[in-house]
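Inspection log for the structure reproduced underneath, given as structure tokens.
This chain uses plain numbering: 1 for the first residue, then up along the sequence.
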Amino acid sequence: DDLLEEIFLRLPTPDAVARASAACTSFRRVIKGRAFRRRFRALHRPPLLGFMDAAGFHPAQAPHPSAPLTGALAPCAADFSFVPAVVSSASYIPRGVQADGEGPRWRPRDVRDGRVLLDWVSLHPRAMRICCYMEDGYEVSILMDFGELAPRDRPTWTERERCNAAEFHLAVCDPLSSRSVLLPTIPEELAVQPQDYLREFEPVLAPNTSEDGEEEHFKVICIAKYHTKLVLFVFPSTTMQWSMVEPPISPSLEHMSCFDCVRGCFYWTEPYRWSDHLMVLDTRTMRFSTVDLLTGYHMELRGLPDQSFDRRRPNAVVLGREGTLEMFSLVRQHGSFALYHTSLQNNSQEWKLEKVIQLPRQYHDYSISTVGAAEGFLFFRGTLEDIPVENVNVDCYSMEVNTYGITKVCTKTEKYFNRTCTLPYFSFPPLLSEPTI
């Protein structure tokens, strides 16, 4: 058994382990052992199963190496029906409106460490100015920022006098084990303390920071940006209670919707332009700090001609080969796109150019955008169709940060080309993992 375990640890992919497990009972006994599964997860990063967005789960497609595994797991990953509804769905649907996929439902807001953070979307009016609009004669409430709708199709926003953080309903689930936790709403006495106008509300999952990666506890952080301040509402599963933190340093970024997670910290970048700095939140201490962005090669990069972000996310932050902070910047010049890889050395405050990576040339004009970074990959997407157009076919790609290898993950159809709301979903199959909730 000891020799078998060493052999199975060297299998390259989880689906190869699954095939070995199906060979005979002695193989399966070794692979199902808790010690083997822990060792395998420590040596291998979880496979990319696909992407999640408001429309659901989009599995990796052949010839992507995860396609065989994803084909078996997709029904579980796409199904949130096991998560209890906030209230009876029927009570939220106005008379004459069909209870289809556009009706009340849970929507993915963040994905990390095999868990999915969900927000309840309903047709019931909610006290949110930026998220209430009229559609087909009914008022619809959705937790989203302005950048998620194409400009020409943006509805007329309903004016509201107050926005209340206590109105949001959140849940955390593990789709592959069908386990979930319905979070209590933020207590009213906490929600009213800022006494200010709520402009943005961004719920995120804090990363697992345990040494062995076996932590079953989770933490939800809600970044509530008010007119004059920023407040963090924090929910650790260890206490199952909300608390409020008002950082002494408030971020100065205009938008807080674009972020990447590196070494237990969130790094925010402006979605539509170059900013002077990165905003950093350490999820262990709940303290903000900044990293200078416009130094070294970034000054030259910002000044390149023919740049227009046009709602594309321009920058993504990653962990470098030697633990350094690195960034990939999307640049459009003369109708084609490239990623500029820069790094910030530990003993320097200057950003240095590492490499320029040309992206597939079939995409042009404004048809490509970066999605973000996770698990050693950078993600971007593009469409060959003219924008704006309805029912857009969007190609989703991954690029391995260490090798610059670009792989197509899948093609999905979107009602509109939404550049900001795609979440990469990584997870080991149940055979090799423990429930995260």
Side-chain angles (χ1 to χ4, degrees), residues 45-53 58 60 64 66 108-117 202 204-209 253 255-272 274-275 277-283 291 293 298 301 309 312-331 337-344 351 353-357 359-360 368-382 394-410 419-427:
R45 60 187 170 195
L48 172 66
L49 301 183
F51 295 94
M52 289 188 178
D53 59 21
H58 308 277
H64 192 276
S66 293
R109 289 294 298 178
D110 196 16
V111 178
R112 190 160 288 106
D113 300 323
R115 303 183 184 97
V116 181
L117 175 62
E202 189 72 29
V204 297
L205 276 169
N208 182 359
T209 56
L253 297 185
H255 300 277
M256 298 289 291
S257 59
C258 291
F259 62 90
D260 296 295
C261 186
V262 178
R263 291 179 297 193
C265 297
F266 288 122
Y267 289 78
W268 277 272
T269 58
E270 282 283 8
Y272 312 132
W274 280 90
S275 58
H277 54 266
L278 300 171
M279 287 305 310
V280 186
L281 172 64
D282 189 323
T283 61
V291 175
L293 192 58
H298 282 180
L301 192 58
F309 294 149
R312 292 193 309 277
R313 177 179 176 175
N315 301 311
V317 181
V318 301
L319 180 63
R321 296 172 178 83
E322 299 178 358
T324 59
L325 196 63
E326 301 186 1
M327 179 179 287
F328 286 87
S329 302
L330 180 67
V331 175
F337 292 91
L339 287 169
Y340 282 66
H341 179 197
T342 54
S343 66
L344 186 65
W351 290 89
L353 178 66
E354 298 287 345
K355 189 177 177 65
V356 178
I357 305 99
L359 297 185
I368 202 166
S369 68
T370 54
V371 172
E375 299 290 348
F377 290 93
L378 177 79
F379 301 96
F380 64 93
R381 19 188 276 128
V394 180
D395 300 325
C396 300
Y397 292 86
S398 66
M399 186 188 77
E400 192 166 5
V401 171
N402 289 340
T403 64
Y404 306 115
I406 295 175
T407 305
K408 184 177 178 180
V409 180
C410 65
R419 298 178 171 91
T420 60
C421 67
T422 300
L423 302 168
Y425 178 46
F426 290 83
S427 185

Original post:
Is the shortest distance from a Lys or Arg side-chain nitrogen in D395 or R381 to a carboxylate oxygen in the other one below 4.0 Å?
Top reply: no
Under the rule for side chain to side chain contact (heavy atoms under 4.5 Å, CB included), what residues qualify as partners of [X], not counting sequence neighbours?
{"X": "A206", "answer": "K219, I221, T283"}
{"X": "S427", "answer": "L49, L176, Y425"}
{"X": "C265", "answer": "Y267, V280, D282, R284"}

**OP:** Show your working on side chain to side chain contact (heavy atoms under 4.5 Å, CB included) between F328 and I357 and close with a plain yes or no.
**Re:** CA-CA 10 Å; F328 286 87; I357 305 99; 3.9 Å; yes
Tell me, please, which residues at least two apart from [X] pass salt bridge (charged side-chain N to carboxylate O under 4.0 Å, His left out).
{"X": "E400", "result": "R45"}
{"X": "D110", "result": "R112"}
{"X": "K355", "result": "none"}

4.5 Å side-chain heavy-atom contact, [X] and [Y]:
{"X": "M399", "Y": "L339", "result": "yes"}
{"X": "C410", "Y": "H64", "result": "no"}
{"X": "E326", "Y": "T342", "result": "no"}
{"X": "V318", "Y": "V262", "result": "no"}
{"X": "L344", "Y": "T324", "result": "no"}
{"X": "L359", "Y": "I406", "result": "yes"}
{"X": "F266", "Y": "D260", "result": "no"}
{"X": "V111", "Y": "L205", "result": "no"}

Original post:
Is there a donor-acceptor pair closer than 3.5 Å between any side-chain N or O of D53 and the backbone N or O of T422?
Top reply: no
Subject >> Under 3.5 Å: donor-acceptor pair, side chain of D113, backbone of N208 >> reply: yes
So, for [X] and [Y], which heavy atoms are closest and what is the spacing to 0.1 Å?
{"X": "S398", "Y": "L48", "answer": "CB-CD2, 4.4 Å"}
{"X": "A316", "Y": "L378", "answer": "CB-CD1, 3.3 Å"}
{"X": "P207", "Y": "G264", "answer": "CG-CA, 3.7 Å"}

**OP:** Name the orientation class of the two ring planes belonging to Y404 and H341 (parallel below 30°, tilted from 30 to 60°, perpendicular beyond 60°).
**Re:** perpendicular
**OP:** Applying side chain to side chain contact (heavy atoms under 4.5 Å, CB included), run through L281 and W268 and close with a yes or a no.
**Re:** CA-CA 9 Å; L281 172 64; W268 277 272; 3.5 Å; yes
**OP:** Only counting residues at least two apart or in another chain, list the ones meeting ring-ring contact (aromatic ring centres under 6.0 Å, His included) with H298.
**Re:** W274, W351
Original post:
Mind checking whether F379 and F51 have ring centres under 6.0 Å apart?
Top reply: yes
Subject >> Trace of the side chain to side chain contact (heavy atoms under 4.5 Å, CB included) decision for F377 with V401 >> reply: CA-CA 5 Å; F377 290 93; V401 171; 5.6 Å; no
Subject >> Nearest-0.5 Å distance that lies between atom CZ in F380 and atom CG in L330 >> reply: 9.0 Å
